[in-house]
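Reviewing the structure listed below.
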Amino acid sequence: MDDAEALPERTRRRPAPKPHAAGVKAVAAAAGVSLGTVSNVLNRPEVVSPLTRAKVEAAMASLGFVRNESARQLRAGSSRILAYLMLDAGNPFFTDVAKGVEEAAQAAGLSVFLCTSSEDADREAAYLDLLEQQRVQGILITPIDQHSSRLRKLPSRGTPVVVVDRTLDEATHCSVAVNDVLGGELAISHLLELGHQRIAYVGGPNTLGQVVDRRDGARRALRTAGRPIAELIELTTGALTVAEGRGAGQRLAGLPADRRPTAAFCANDLLALGLLQQCVSLGLRVPEDLAIVGYDDIEFAEAAAVPLTSVRQPRQLLGRTAAELLLDESSNPDHEHQRVTFTPELVVRTSTRGTL
């Protein structure tokens, strides 16, 4: 079949003329009330009698009235929208965090706009500019650089910011994170307790604070055990993805047997799953030839062909706590910035302990 034969048939027709949206004047006339009463039904329904409110709502329904949120936003100077700018929408960790953000926003009667920087600083900057221009009520962000001057300037111009999955020493923003140094320490201590001598750390890029903190925790565990940190074999990746994990697996499997690590700690679960997949495809047994620890404990970790030992983060709780802090900052004149740090938990599965 040639390309012409493969093209689908298309039929075209003009859409019906776009109807004119009913406004508040039409609603007031249909309900037989004043414009002020319609405004109260929209903005302060508790001050309107149930009978009058029912008349106005019936008129809205019959006319197909849709509230003009843009006009309300223009009058108020801000929207009823929170934004979460995440690092990678393809990583289930961040979508789980977003669920927690949505829970808190929904309870407050707000909507959530989700966007991703894809670990691109220019894209992150463009989104921050756009969100500020849209007058969102506040921004939650997992930043590429938590010390960015752009992040510091946003609150002074009226847009509150809460940093998610990173900690801040300065008191310029609220922040919500997990102790990633401790998480790295838990992972390596577990592998040392199992008797592993050659351990790899798989992660990158090193511009991401999470990657650096988890590596620092790994090094701390080695020092605590009286081992030189130079023993940690670092396999740097370009991103925290399954594909990069596969690439690391290819490199690891290519090392001579007497130099090949017997265990690997990965900076997140996606890397660990890619590493596991590649090593198994090359004939290495997990955990007999290579024990693997991931980080985040996403849903796929337990469901992997070899269930993955992972450092668990309270993902939805992170998002919900961050959103609650942002809501408080946007509405409470006595708000004080907080740095909330959760404790990670090691969840041991088959990828390190086998089928004991």
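Under the 4.5 Å side-chain heavy-atom criterion for Ile, Leu, Val, Met, Phe, Trp and Tyr, V163 and Y84 are members of distinct hydrophobic clusters. Following chains of ILVMFWY side-chain contacts shorter than 4.5 Å, one can reach L276 starting from L290, so the two form part of one hydrophobic cluster. Each of L87 and L85 belongs to its own hydrophobic cluster when Ile, Leu, Val, Met, Phe, Trp and Tyr are linked at side-chain heavy-atom distances under 4.5 angstrom. At a threshold of 4.5 Å between side-chain heavy atoms, the hydrophobic network of Ile, Leu, Val, Met, Phe, Trp and Tyr places L192 and V202 in one connected group. Cluster annotation: V348 and L275 are assigned to the same hydrophobic cluster (Ile/Leu/Val/Met/Phe/Trp/Tyr, side-chain heavy-atom contacts under 4.5 Å, transitive).
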List the atom pairs, with distances to 0.1 Å, where a side-chain N or O of residues 264-273 and a protein N or O form a donor-acceptor pair under 3.5 Å, not counting sequence neighbours.
unit_1: N268; atom_1: OD1; unit_2: L270; atom_2: N; d: 3.3
unit_1: N268; atom_1: OD1; unit_2: L271; atom_2: N; d: 2.9
unit_1: N268; atom_1: ND2; unit_2: L240; atom_2: O; d: 3.2
unit_1: D269; atom_1: OD1; unit_2: Y295; atom_2: N; d: 2.8
unit_1: D269; atom_1: OD1; unit_2: S310; atom_2: OG; d: 2.8
unit_1: D269; atom_1: OD2; unit_2: D297; atom_2: N; d: 2.6
unit_1: D269; atom_1: OD2; unit_2: I298; atom_2: N; d: 2.8
unit_1: D269; atom_1: OD2; unit_2: S310; atom_2: OG; d: 3.3

Report all side-chain donor-acceptor pairs from residues 220-227 shorter than 3.5 Å, counting only partners two or more places apart or in another chain.
unit_1: T224; atom_1: OG1; unit_2: R220; atom_2: O; d: 2.9
unit_1: R227; atom_1: NE; unit_2: E231; atom_2: OE1; d: 2.6
unit_1: R227; atom_1: NH2; unit_2: Q197; atom_2: O; d: 2.8
unit_1: R227; atom_1: NH2; unit_2: E231; atom_2: OE1; d: 2.9

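Between L186 and P344, the shortest heavy-atom contact is CD1-O, 3.8 Å. Scanning all heavy atoms of the two residues, the minimum distance from L191 to V293 falls at CD2-CG2, 3.9 Å. Pairing each heavy atom of R152 with each of H147, the nearest pair is NH1-O, 2.9 Å. The shortest non-hydrogen separation linking V161 to E329 is O-OE1, 4.0 Å. Across every non-hydrogen atom of A89 and T95, the tightest pair is O-CG2, 3.7 Å. Looking at every heavy atom in both residues, F94 comes nearest to D88 through CD1-O, 3.3 Å.
Residues meeting the side chain to side chain donor-acceptor pair (under 3.5 Å) test with E119, sequence neighbours left out: none. With sequence neighbours left out, the side-chain contact (heavy atoms from CB on, under 4.5 Å) criterion links L194 to H190, H196, T352, R353. Considering only residues two or more places apart in sequence or on other chains, R339 meets the side-chain contact (heavy atoms from CB on, under 4.5 Å) condition with T167, D169, S175, T341. Residues passing the salt bridge (charged side-chain N to carboxylate O under 4.0 Å, His left out) test with E324, sequence neighbours excluded: none. The side-chain contact (heavy atoms from CB on, under 4.5 Å) search around E302 returns R349, not counting sequence neighbours. Evaluation of the side chain to side chain donor-acceptor pair (under 3.5 Å) rule for D120 yields no partner, not counting sequence neighbours. In this structure, the salt bridge (charged side-chain N to carboxylate O under 4.0 Å, His left out) partners of K99, at least two apart in sequence or on a different chain, are D96. Remark: R198 engages no residue in a salt bridge (charged side-chain N to carboxylate O under 4.0 Å, His left out) (not counting sequence neighbours). Under the salt bridge (charged side-chain N to carboxylate O under 4.0 Å, His left out) criterion, R215 pairs with no residue, sequence neighbours left out.
Judged by distance alone, the side chain of R80 and the main-chain N or O of G109 form a donor-acceptor pair under 3.5 Å. Remark: side-chain polar atoms of S351 are paired, donor with acceptor, to backbone N or O of I292 under 3.5 angstrom. No side-chain donor-acceptor contact under 3.5 Å links R166 to the backbone of A177. For N43 (side chain) and S39 (main-chain N/O), a donor-acceptor pair under 3.5 Å exists by modelled atom type. Looking only at distances, no side-chain donor or acceptor of R214 sits under 3.5 Å from a matching main-chain atom of G183. No side-chain donor-acceptor contact under 3.5 Å links T142 to the backbone of M86. No side-chain donor-acceptor contact under 3.5 Å links S117 to the backbone of R123.
Surrounding CZ of R259 are at most 12 heavy atoms belonging to other residues, nucleotides or ligands under 6.0 Å away. Around atom CD of E345, more than 12 heavy atoms belonging to other residues, nucleotides or ligands sit under 6.0 Å away.
Here the CD atom belonging to E103 is positioned 5.0 Å from the CD atom belonging to Q316, to the nearest 0.5 angstrom. Between L110 atom CG and Q137 atom CD the span is 5.0 Å, to the nearest 0.5 Å. Annotation: the span from R53 atom CZ to K55 atom NZ amounts to 13.5 Å, rounded to 0.5 Å. Here the straight-line distance linking atom OG1 of T116 with atom CD of E124 works out to 10.0 Å at 0.5 Å rounding. Atom CD of E57 sits about 11.0 Å away from atom OG1 of T52, to the nearest 0.5 Å.
With respect to the salt-bridge test (charged N to carboxylate O, under 4.0 angstrom), the residues R219 and E234 qualify. Classification of D289 and R260 as a salt-bridged pair fails, no side-chain N sitting under 4.0 Å from a carboxylate O.
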Candidate pair L82 and L327, rule side chain to side chain contact (heavy atoms under 4.5 Å, CB included), full reasoning: CA-CA 9 Å; L82 300 182; L327 290 167; 4.1 Å; yes
Residues Q134, L131; criterion side chain to side chain contact (heavy atoms under 4.5 Å, CB included); working and verdict: CA-CA 5 Å; Q134 292 295 318; L131 295 171; 5.7 Å; no
Audit row: L308, F300, side chain to side chain contact (heavy atoms under 4.5 Å, CB included) steps and yes/no: CA-CA 9 Å; L308 184 66; F300 298 129; over 6 Å; no
Side chain to side chain contact (heavy atoms under 4.5 Å, CB included) between E185 and N179, intermediate numbers included: CA-CA 10 Å; E185 196 170 0; N179 186 338; over 6 Å; no
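Residues C174 and H335 form a side-chain contact, since some pair of their non-hydrogen atoms from C-beta on lies under 4.5 Å apart. Here the side chains of Q338 and E336 are not in contact, with every heavy-atom distance at 4.5 Å or above. Between R150 and D129 the shortest side-chain heavy-atom distance falls below 4.5 Å. Proximity of L128 to I141: side-chain heavy atoms (C-beta onward) are separated by under 4.5 Å at one or more points.
The side chain to side chain contact (heavy atoms under 4.5 Å, CB included) with L140 is formed by just one residue from the set V176, L318, L325, V164; it is V164. A side chain to side chain contact (heavy atoms under 4.5 Å, CB included) with V33 holds for exactly one of N40, V56, V41, V27; it is V56.
For residues 203-212, the pairs satisfying side chain to side chain donor-acceptor pair (under 3.5 Å) are D165-Q210, with sequence neighbours left out.
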